Amino acid sequence: ADKEKVTFTAYFNLILLHEVSHELGSGLVKEKDGQFYNLSYYLRDLYSIIEEAKADVMAIYSLIYLIKKCVIVDCTLISIYTTFLASLFRSIRFGNENAIGKASIIQWNFLNNEGVFVIDSSQKISFDLHKMEKAIEKLMIVILTLEGEANYQKIKNFISEMETENKELTGFISLLKDEPIDIYPWFPLAKEKKLKL
């Protein structure tokens with residue numbers, strides 16, 4: 001019923017601020033010897049997952065701020081929230097083994113645990129608008145703190161707690177099974193020659 005609220009402008013702004021957000025927050029960690037190391041050095045295989053989640057959450061947080069300050073006037077909070085939810089489902093369909101897919105599951109689970117999504121008996125989803133902004137801010141603080149501490153085990157624990165695609169979410173994704181996935185990266189030459197991309 002709300003599909004007209006999923007707009008190109010909202011999606012464009014989310015993606016634009018997602019990419020900007022990759023450059024915000026912790027990037028380097030200073031060791032006792034005075035040397036700086038990239039955050040990815042400490043987080044290894046978990047870096048892409050937590051970084052994609054950070055960029056998504058910081059993007060919507062920034063958009064909420066910019067809309068409220070009337071800096072961005074070509075989309076509304078409702079279109080941002082609705083497009084964000086559609087974008088989560090789009091990315092979750094990439095699969096749990098994909099960093100973007102897993103980051104999206106983490107966001108869904110966290111926000112759902114905060115009571116942001118209201119799901120009725122006919123499996124229709126709406127938002128608790130009073131909870132959305134605070135929950136986004138809370139998740140952003142959690143992720144930025146985890147990245148700032150650069151503690152591999154803490155991030156692993158957080159991801160493990162939030163990465164499971166529960167029955168409810170699986171049910172929603174199954175409703176989309178006949179819809180095409182817009183981009184499916186496939187690198188057969190790289191696999192054959194075992195190239196690193």
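Please read these numbers as outputs of a predicted model, since none were measured by experiment.
Looking at heavy atoms from C-beta onward, Leu146 lies out of side-chain contact with Asn151 at the 4.5 angstrom threshold. Between Ile119 and Ile125 there is a side-chain heavy-atom pair separated by less than 4.5 Å. For the pair Ile106 and Phe158, the minimum side-chain heavy-atom distance is below 4.5 Å. In this structure, the side chains of Leu85 and Thr82 stay at 4.5 Å or more apart for every pair of heavy atoms. Using a 4.5 Å cut-off on side-chain heavy atoms (C-beta onward), Tyr152 and Asp45 make contact. For the pair Phe89 and Leu169, the minimum side-chain heavy-atom distance is below 4.5 Å. When side chains are defined from C-beta on, Asn38 does not count as touching Tyr47, because their heavy atoms never get closer than 4.5 Å. A 4.5 Å side-chain heavy-atom check between Ile60 and Leu14 finds at least one atom pair inside the cut-off.
More than 12 heavy-atom neighbours from other residues, nucleotides or ligands sit within 6.0 angstrom of CD on Gln153.
A donor-acceptor contact shorter than 3.5 Å is absent between the side chain of Asp56 and the backbone of Ser104. Judged purely by atom type and a 3.5 angstrom limit, Lys54 has no side-chain atom pairing as donor or acceptor with the backbone of Leu144. Within the 3.5 Å criterion, the main-chain N or O of Leu129 finds no donor-acceptor partner in the side chain of Glu133. Although no hydrogens or angles enter the test, the distance criterion places a donor-acceptor pair under 3.5 Å between the side chain of Thr83 and the main chain of Thr7. Side-chain N or O atoms of Lys131 include none that pairs as donor or acceptor with a backbone N or O of Leu111 at under 3.5 Å. Remark: the backbone N or O of Phe84 is not paired with any side-chain donor or acceptor of Ser87 at under 3.5 angstrom.
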**Q.** Residues Trp108, Phe172; criterion side-chain contact (heavy atoms from CB on, under 4.5 Å); working and verdict
**A.** CA-CA 12 Å; Trp108 164 272; Phe172 286 128; 4.1 Å; yes
Q. Passes side-chain contact (heavy atoms from CB on, under 4.5 Å), Glu52 versus His18? Steps please.
A. CA-CA 8 Å; Glu52 289 300 331; His18 170 101; 3.1 Å; yes
Q.
Quick one, Ser79 with Thr9, criterion side-chain contact (heavy atoms from CB on, under 4.5 Å). Give me CA distance, side-chain angles, the key distance, then yes/no.
A. CA-CA 9 Å; Ser79 69; Thr9 306; over 6 Å; no
Q: Kindly indicate, with the supporting measurements, whether the criterion side-chain contact (heavy atoms from CB on, under 4.5 Å) is fulfilled by Tyr81 and Ile64.
A: CA-CA 9 Å; Tyr81 294 160; Ile64 293 167; 3.7 Å; yes
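Separation of atoms CZ (Phe8) and CG (Asn13) is listed at 9.0 Å; rounding is to 0.5 Å. Put simply, CD1 on Ile72 and CG on Leu17 are 5.5 Å apart, with the number rounded to the nearest 0.5 Å. The structure places NZ of Lys102 at 11.5 Å from OG of Ser48, a figure rounded to the nearest 0.5 Å. With rounding to the nearest 0.5 Å, the separation of CD in Glu114 from CG in Asp128 is 11.0 Å. Residue Ile105 holds its CD1 atom at 10.0 Å from CG of Leu88, rounded to the nearest 0.5 Å. Atoms CD1 and CG, from Ile155 and Leu46 in turn, are 7.0 Å apart once rounded to the nearest 0.5 Å.
In this view, Asn113 and Met162 satisfy the side chain to side chain contact (heavy atoms under 4.5 Å, CB included) rule, not counting sequence neighbours. In this structure Glu168 satisfies the salt bridge (charged side-chain N to carboxylate O under 4.0 Å, His left out) test with no other residue, sequence neighbours excluded.
Taking the six-membered ring where tryptophan is involved, the planes of Tyr42 and Tyr37 are perpendicular, since the angle between them exceeds 60° and thus also 30°.
Hydrophobic cluster membership is shared by Leu63 and Tyr65, with clusters built from Ile, Leu, Val, Met, Phe, Trp and Tyr side chains linked at under 4.5 angstrom. In the hydrophobic clustering of this structure, Leu77 groups with Val71; members are Ile, Leu, Val, Met, Phe, Trp, Tyr whose side-chain heavy atoms approach within less than 4.5 Å, directly or through other members. Connection of Leu24 to Ile50 is established within a shared hydrophobic cluster, with ILVMFWY side chains joined at heavy-atom distances below 4.5 Å, either directly or through further cluster members. Hydrophobic clustering, with ILVMFWY side chains joined whenever heavy atoms are under 4.5 angstrom apart, groups Tyr41 together with Leu39. Met140 and Leu16 sit in two unconnected hydrophobic clusters of ILVMFWY residues. Membership requires side-chain heavy atoms under 4.5 Å apart, directly or through other members.
Glu161 and Asn157 are not linked by any side-chain donor-acceptor pair at a separation below 3.5 angstrom, with hydrogens and angles left out of the test.
Between Ala103 and Ile49, the shortest heavy-atom distance links the atoms CB-O, 3.5 Å. Smallest separation of non-hydrogen atoms from Cys75 and Ile67: O-CD1, 3.9 Å. When every heavy atom of Met132 is checked against every heavy atom of Val116, the shortest pair comes out as SD-CG1, 3.3 Å.
The salt bridge (Lys or Arg N to Asp or Glu O under 4.0 Å) contacts involving residues 4-22 comprise Asp2-Lys5, where partners must be two or more places apart or lie in separate chains.
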